[in-house]
Participant: 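Have a look at the structure that comes next, please.
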Amino acid sequence: MLQKESRNSPPEPPRCARQHNSSPGGRVVRADRRGVVRGHGSGYAALARGRVDINRLRTALTAVSLPRAADGRLVLAVDVTCWLRPEAHTSRQRILCHTYGRRKDQHTMVPGWPYSVVVALETGRHSWTAPLDAIRLAPGDNATSVTARQIRDVVDRLVAAGHWRSGDPEILVVADAGIAWAGHDGVLPVIEGTVIRLEAQRLPSGAIPKPVWLWHSRIGLDDAEVDLAWQAFLRRFDIQHTFRMLKQTLGWTTPKLRAPEAADRWTWLLPTACTQLRLAPDITADLRRP
C-alpha cells in the first residue's frame, strides 16, 4: 500500500527491512508503525524503457579469461532453456516450451520465452561454466538455424579476442541431437563422421543402463580424441547447473516482465553477474555446506 503522509505528523525515520529479494523491483521500505509500505518500481521501469548494449556485453564476455580442456582447447556447450510465462496472456512472442517433470513422467508444453545459451565448459571437480551468449527464440524461428548462426558468431568473437589462433587445437562444440538436422527440408545430405557408443556399467538409481550414441563431425579419431569427445559430452551437463543457478540463485525468471524486450535486457544482466562470480574464487573464502 502506498499512502501519503499527513502534514501535521511527520513520519518516523524509515527502517529498511532486510530480506532476500531477487526481483529487480522488490525492494521494500517500512516507514512507520501504521504499516505504511513503500515499494518502488524503478528496476522494472529501467528494464521496460532502458537500454542494454548487448553487442558490447557479448564482446566483454569473450574478452575475459576462459576455461579450457586438459589439452588446452576451448569446449563450448549449447542448449535451450525456457523462461516459462504460462499466465502472461498479454505478453508478446511467447511460444510453447518443452518441459519435463512438471507432471509425473510427462512432457508438457508450456508458453514462455526460450533462450539458446552458449557457455564454455570448465574442468575439475565443480560445475562452473563461462556464459558467452544468449538469444531468445521468437515465434517462427528455426531453432537449428538460429543456434548454428549463434555458434558461428561466438567462435568469430573468440578468434577476434585472441582465444584461438592458427595451430591451436580445434574448438569443440557439444550439442544435443536436436541441433543436427531438425526441420531440414528435402533429402538429407551424406556427411562423414564418427559414431561413438558410450556404455555405463551401472547407474546410481539401479536402473538398467542403456547405451548412448554420440556423433563426431570428424573421422579417423584416435583413442585420445574419442576419450575427449565422450568426456566433453558428460561435462556438457554442467550447463544445466548454470541454468539452475541463474534461475534459483540469481533470480533470472523471477521478475514478472510483460515485454520480451525487457526480458532480454534482464537476461543479459545475469551472465555478466555470473561471470564476475566465476572470476572471483581467489578473493573469496569457500563455504562448504554439510
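All values below come from the heavy atoms of this structure, side chains included, with hydrogens, waters and symmetry mates left out.
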Participant: Roughly how far apart are L277 CG and W128 CH2, rounded to 0.5 Å?
Facilitator: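 Answer for the CG-CH2 pair, L277 versus W128, is 5.0 Å.
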
Participant: Within the side chain of R73, is there an N or O that forms a donor-acceptor pair under 3.5 Å with the backbone of E170?
Facilitator: yes

Participant: Can you tell me how far apart CG (L246) and OG1 (T81) are? Round to the nearest 0.5 Å.
Facilitator: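 Separation between the atoms: 8.5 Å.
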
Participant: Does CD1 belonging to I219 count more than 12 external heavy atoms closer than 6.0 Å?
Facilitator: no

Participant: What is the minimum heavy-atom distance between R278 and T129, and which atoms define it?
Facilitator: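 R278 and T129 have their closest heavy atoms at CD-O, 3.3 Å.
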
Participant: State, yes or no, whether a side-chain contact exists between R236 and D176 at a heavy-atom distance under 4.5 Å.
Facilitator: yes

Participant: Hey, are the side chains of C97 and L84 touching, using non-hydrogen atoms and a 4.5 Å cut-off?
Facilitator: yes

Participant: How long is the straight-line distance from CD1 of I196 back to CG of D227, given to the nearest 0.5 Å?
Facilitator: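 Reported to 0.5 Å precision, the distance equals 9.0 Å.
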
Participant: In terms of hydrophobic clustering (I, L, V, M, F, W, Y; side-chain heavy atoms under 4.5 Å; direct or indirect links), are L234 and V212 co-clustered?
Facilitator: yes

Participant: Please step through side-chain contact (heavy atoms from CB on, under 4.5 Å) for the pair R157 and L132, ending with a clear verdict.
Facilitator: CA-CA 10 Å; R157 290 195 296 271; L132 297 175; 5.8 Å; no

Participant: Can I208 be reached from L203 by stepping across I, L, V, M, F, W or Y side chains whose heavy atoms are under 4.5 Å apart?
Facilitator: no

Participant: Tell me, do D133 and W268 make a side-chain contact under 4.5 Å, heavy atoms counted?
Facilitator: yes

Participant: Would you say V154 ends up clustered with V64 if hydrophobic residues are merged whenever their side chains have heavy atoms under 4.5 Å apart, either directly or through other cluster members?
Facilitator: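 Yes, one cluster joins them.
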
Participant: Atom CH2 of W83 and atom OG of S91: how far apart are they, to the nearest 0.5 Å?
Facilitator: 9.5 Å

Participant: About how many Å separate OG of S127 and CD of E122, when rounded to the nearest 0.5 Å?
Facilitator: 9.5 Å

Participant: Checking H163 side chain against T62 main chain: does a donor-acceptor pair fall under 3.5 Å?
Facilitator: yes

Participant: Is the shortest side-chain heavy-atom distance between F243 and D79 below 4.5 Å?
Facilitator: yes

Participant: Closest approach of L279 and S65, non-hydrogen atoms and distance?
Facilitator: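 Taking every non-hydrogen atom into account, CD2-O, 4.2 Å.
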
Participant: For residues L61 and V119: do they belong to one hydrophobic cluster (side chain heavy atoms under 4.5 Å, members Ile, Leu, Val, Met, Phe, Trp, Tyr)?
Facilitator: no

Participant: Locate the shortest heavy-atom distance separating L228 from A69; write the atom from each residue and the value.
Facilitator: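 Taking every non-hydrogen atom into account, CD1-CB, 4.4 Å.
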
Participant: Can R58 and D153 be counted as an ion pair, charged N to O under 4.0 angstrom?
Facilitator: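 Answer for the salt bridge query: no.
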
Participant: Is any side-chain heavy atom of P111 closer than 4.5 Å to a side-chain heavy atom of I95?
Facilitator: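 Side chain of P111 against side chain of I95, heavy atoms only: no contact under 4.5 Å found.
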
Participant: Please find the pair of heavy atoms, one from V75 and one from A232, that lie closest to each other, and give the distance.
Facilitator: CG1-CB, 4.0 Å

Participant: Determine, step by step, whether L66 and L158 satisfy the side-chain contact (heavy atoms from CB on, under 4.5 Å) criterion, reporting the C-alpha distance in whole Å, the side-chain angles of both residues, the deciding distance to 0.1 Å, and the verdict.
Facilitator: CA-CA 10 Å; L66 295 178; L158 291 173; 3.4 Å; yes

Participant: Passes side-chain contact (heavy atoms from CB on, under 4.5 Å), I171 versus L76? Steps please.
Facilitator: CA-CA 7 Å; I171 299 175; L76 308 181; 4.0 Å; yes

Participant: Please check if L74 and V159 belong to a single hydrophobic cluster, counting links between Ile, Leu, Val, Met, Phe, Trp and Tyr side chain heavy atoms closer than 4.5 Å.
Facilitator: yes

Participant: Is a side-chain N or O of T147 found less than 3.5 angstrom from the main chain of T144, in a donor-acceptor match?
Facilitator: no

Participant: Please determine if R235 and D238 form a salt bridge, counting it only when a charged side-chain N lies under 4.0 Å from a carboxylate O.
Facilitator: yes

Participant: Counting distance only, does the side-chain N/O of R265 pair as donor-acceptor with the main-chain N or O of G50 below 3.5 Å?
Facilitator: yes

Participant: Quick one: does R85's side chain have a donor or acceptor within less than 3.5 Å of a partner on R94's backbone?
Facilitator: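 It does not hold such a pair.
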
Participant: Using modelled atom types only, decide if a donor and an acceptor are shared between the side chain of Q276 and the backbone of A273 within a distance under 3.5 Å.
Facilitator: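 A pair under 3.5 Å: no.
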
Participant: Yes or no on side-chain contact (heavy atoms from CB on, under 4.5 Å) for Q93 and R136, after CA distance, side-chain angles and deciding distance?
Facilitator: CA-CA 10 Å; Q93 299 188 5; R136 177 173 49 84; 2.5 Å; yes

Participant: Check P114 against C82 and note the closest heavy-atom contact, atom names and distance.
Facilitator: CB-SG, 3.9 Å

Participant: Whether the side chain of S116 engages the backbone of I135 through a donor-acceptor N/O pair (distance < 3.5 Å, no angle test) should be reported.
Facilitator: no

Participant: Around atom CG of D223, are there more than 12 heavy atoms of other residues, nucleotides or ligands at under 6.0 Å?
Facilitator: no

Participant: How long is the straight-line distance from CH2 of W266 back to CG of L250, given to the nearest 0.5 Å?
Facilitator: 8.5 Å

Participant: Taking all non-hydrogen atoms of both residues into account, name the closest pair between V110 and P86 and its distance.
Facilitator: CG1-CB, 3.8 Å

